[in-house]
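The structure appears below as structure tokens.
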Amino acid sequence: MIFYFSGTGNSQAAAGFFSSHLGEDMKNMAEAIRQKEFSWEVEENETLGLVFPVYYWGLPTVVVQFLSRLELSGKTPYVWAVITCGGSIGAADRQLRAVAKKSGIEVSAVFSLVMPDNFVPMFRAPGEEEVREILEKADLRMEEILEKIRSRGEGETSKGRDLMLSVTAQTLYRSGRKTSKFSVDDTCIGCGQCASICPVGAIGMKNGRPFWKKDRCALCMGCLNRCPKEAIQYGKGTRKNGRYVYPRG
């Protein structure tokens with residue numbers, strides 16, 4: 001089984017790659033939370049995969065919430081994780097192992113996978129050529145990771161300086177994530193896509209326009225990046241920074 005979380009498609013695409021090559025089923029963590037599906041039986045020779053993006057050099061709130069409630073039965077699996085990132089996962093591997101251990105799950109290997117960055121509140125979205133180059137390298141990297149998973153190999157381990165970076169950034173992430181910074185401009189067509197895809201149900205629709213009904217969200221930027229009119233902004237910088245959604249099918 002492969003559990004995944006994805007805001008704009010990178011991690012979903014990676015999960016799909018490993019699913020097809022390993023013959024493992026996929027399950028969206030956000031969907032599992034909504035459906036309250038936390039108990040899974042591990043079959044003979046089945047691996048348990050976790051695929052998700054790094055947020056602030058740590059784990060997204062959705063991943064923490066899901067893993068904190070996950071209960072496994074049956075065989076003891078080889079547990080592997082692929083964490084997608086724009087450059088580095090920091091010490092997300094350590095946080096993952098700590099969170100999983102509280103649920104009695106030992107993570108065997110963690111792998112980082114560089115893919116195009118979608119966090120436009122801080123960075124400009126990559127252009128088409130840059131996206132193509134990054135994804136071509138990601139394809140090769142996934143092949144490498146696949147072979148290590150098949151051989152039940154070891155993954156990566158973060159260093160001390162990564163831990164300091166992650167602790168600081170995760171403090172900001174946990175105390176931040178304020179939806180009050182989201183806004184919608186007049187190009188909004190009221191399609192409701194933002195509300196339907198929000199993994200934590202933070203967006204509602206009123207009089208044909210979205211509004212944020214929760215004070216905080218996962219900050220996945222799915223609503224902003226997937227808006228067909230680029231009508232959703234976060235703060236003052238996103239209008240000029242472009243948008244990113246995984247481009248392959």
- Is any side-chain heavy atom of Tyr244 closer than 4.5 Å to a side-chain heavy atom of Val131? yes
- Message: With a 4.0 Å cut-off on N to O distance, would you call Arg239 and Glu230 a salt bridge?
- Response: no
- Note on the structure: Taken to the nearest 0.5 Å, the spacing of Asn45 CG from Tyr78 OH works out to 14.0 Å
- Task: Check whether the ring centres of Trp57 and Tyr173 lie less than 6.0 Å apart, and answer yes or no.
- Result: no
- Answer with yes or no after comparing the ring centroid distance for Phe52 and Phe5 against a 6.0 Å cut-off, counting only values under it. no
- Query: Is it true that Arg132 and Glu128 make a salt bridge, defined as a side-chain N closer than 4.0 Å to a carboxylate O?
  - Reply: no
- Item | Pairwise distance CD1(Ile145) to OG(Ser112) - rounded to 0.5 angstrom | 7.0 Å
- Message: Can you list everything that forms a salt bridge (charged side-chain N to carboxylate O under 4.0 Å, His left out) with Asp139? Sequence neighbours excluded, please.
- Response: Arg248
- Under 3.5 Å, side chain of Glu156 to main-chain N/O of Ala109, donor-acceptor pair present? no
- Closest non-hydrogen atom pair between Tyr234 and Lys178, with its separation: OH-O, 3.3 Å
- Query: Are the side chains of Cys223 and Cys198 in touch, meaning some heavy atoms are under 4.5 Å apart?
  - Reply: no
- Message: Could you measure the distance from the OG atom of Ser108 to the CZ atom of Arg97? Nearest 0.5 Å is fine.
- Response: 8.0 Å
- Message: Within this structure, what is the CD-NZ distance for the pair Glu44 and Lys75, rounded to the nearest 0.5 Å?
- Response: 4.5 Å
Give every donor-acceptor pair under 3.5 Å between a side-chain atom in residues 59-72 and any protein atom, sequence neighbours left out.
residue	atom	partner	partner atom	Å
Ser68	OG	Val64	O	2.6

- Message: Looking at Glu144 and Arg141, is any side-chain nitrogen of the basic one under 4.0 Å from a carboxylate oxygen of the acidic one?
- Response: yes
- Query: Given the rule that I, L, V, M, F, W and Y join up when any side-chain heavy atoms are under 4.5 Å apart, are Val99 and Met1 in one cluster?
  - Reply: yes
